[in-house]
Amino acid sequence: MRAGKLNQRITIQSRSAANDSVGQRVLVWGEFARIWSDVRLQNGKGVVTAGREAGVIAGSMRIRPRSDLTTDMRVLWGGQIFDIKAIVPFPDGMRDCMDLVVESGANNG
C-alpha cells in the first residue's frame, strides 16, 4: 500500500471503566490510537431508531495491519463517530493493509 493513499487521520477509541463525580462506575471512551487511513464512505440511508429518523453512513477505512483492534472500538473522523462493524484482514489479497467496515448514525457507541 502506498503511503500517499493513507491521507486521512483517524482516531480509534476504546471503552474503559472510570468513576464519575459521585463515585459510580461508568464506561467512558478514550483515545486508543491515532493512525492514517484511506477513508472510503460508500452510501447513506435513512433508518428509524427509537421512533426517530436517523441518517446512516456506511463505508470502510483502509489502514496498515494491526492486531490490537476489535469491533468493540469506534472511530472518530471528520467530526463524526463511526462504529466498527467488522475488521477485514488483507482485503483483495493485499497483505499490507486491512479494512475497518464502519457505520455512523445508528448507534455511535
Side-chain angles (χ1 to χ4, degrees):
M1 156 129 326
R2 291 181 13 181
K5 288 200 167 248
L6 303 177
N7 59 4
Q8 299 289 313
R9 196 76 152 155
I10 63 173
T11 301
I12 308 289
Q13 290 188 322
S14 64
R15 275 188 171 166
S16 61
N19 291 330
D20 66 9
S21 60
V22 294
Q24 297 290 321
R25 292 296 269 179
V26 294
L27 292 175
V28 296
W29 289 101
E31 185 172 313
F32 180 79
R34 287 192 47 142
I35 57 178
W36 292 99
S37 174
D38 177 9
V39 176
R40 303 164 175 213
L41 300 182
Q42 296 167 345
N43 59 34
K45 61 184 176 183
V47 297
V48 176
T49 304
R52 294 184 309 143
E53 189 170 328
V56 176
I57 300 170
S60 68
M61 297 182 178
R62 184 159 285 180
I63 62 172
R64 297 220 180 272
R66 298 179 64 113
S67 60
D68 57 351
L69 302 180
T70 71
T71 54
D72 293 327
M73 297 175 171
R74 70 184 188 180
V75 176
L76 298 181
W77 176 76
Q80 288 188 283
I81 299 169
F82 292 85
D83 296 316
I84 299 175
K85 297 299 187 180
I87 299 172
V88 182
F90 313 126
D92 305 323
M94 300 171 66
R95 309 241 353 108
D96 61 347
C97 66
M98 63 191 288
D99 283 347
L100 304 178
V101 178
V102 297
E103 188 175 85
S104 177
N107 183 14
N108 290 334

Return the CG to CE distance between L6 and M61, rounded to the nearest 0.5 Å.
13.0 Å
Whether the side chain of T71 engages the backbone of K85 through a donor-acceptor N/O pair (distance < 3.5 Å, no angle test) should be reported.
no
Would you please test V101 and V88 for side-chain contact (heavy atoms from CB on, under 4.5 Å) and show each step?
CA-CA 7 Å; V101 178; V88 182; 3.9 Å; yes
Report the distance from atom CE of M98 to atom CG of L69, rounding to the nearest 0.5 Å.
5.5 Å
Does the side chain of V39 reach to within under 4.5 Å of the side chain of I10, using non-hydrogen atoms?
yes
Is there a donor-acceptor contact under 3.5 Å linking the side chains of Q8 and W36?
no
Distance in Å, D38 CG paired with S60 OG, rounded so as to fall on 0.5 Å steps:
7.5 Å
Residues that S67 engages under side-chain contact (heavy atoms from CB on, under 4.5 Å), provided they are two or more places apart
none
Contact check, side chains of T11 and V75, non-hydrogen atoms, under 4.5 Å:
no
Do the charged groups of D99 and R62 touch, with an N to O distance under 4.0 Å?
yes
From CG (L76) to CZ (R9), nearest 0.5 Å:
13.0 Å
Linking Ile, Leu, Val, Met, Phe, Trp and Tyr through side-chain heavy atoms less than 4.5 Å apart, which residues share a cluster with V26?
V28
CZ-CD distance between F32 and Q13, expressed to the nearest 0.5 angstrom:
12.0 Å
Measuring only between side-chain heavy atoms, which start at C-beta, is E103 closer than 4.5 Å to F82?
no
Less than 4.5 Å apart, any side-chain heavy atom of R25 and any of N19?
yes
Interatomic spacing from CD1 in I84 to CG in D72 - rounded to 0.5 Å:
9.0 Å
Main-chain N/O of I81 paired with S104 side-chain donor or acceptor, under 3.5 Å
yes
Residue pair R34 / I12, side-chain heavy-atom distance below 4.5 Å:
no
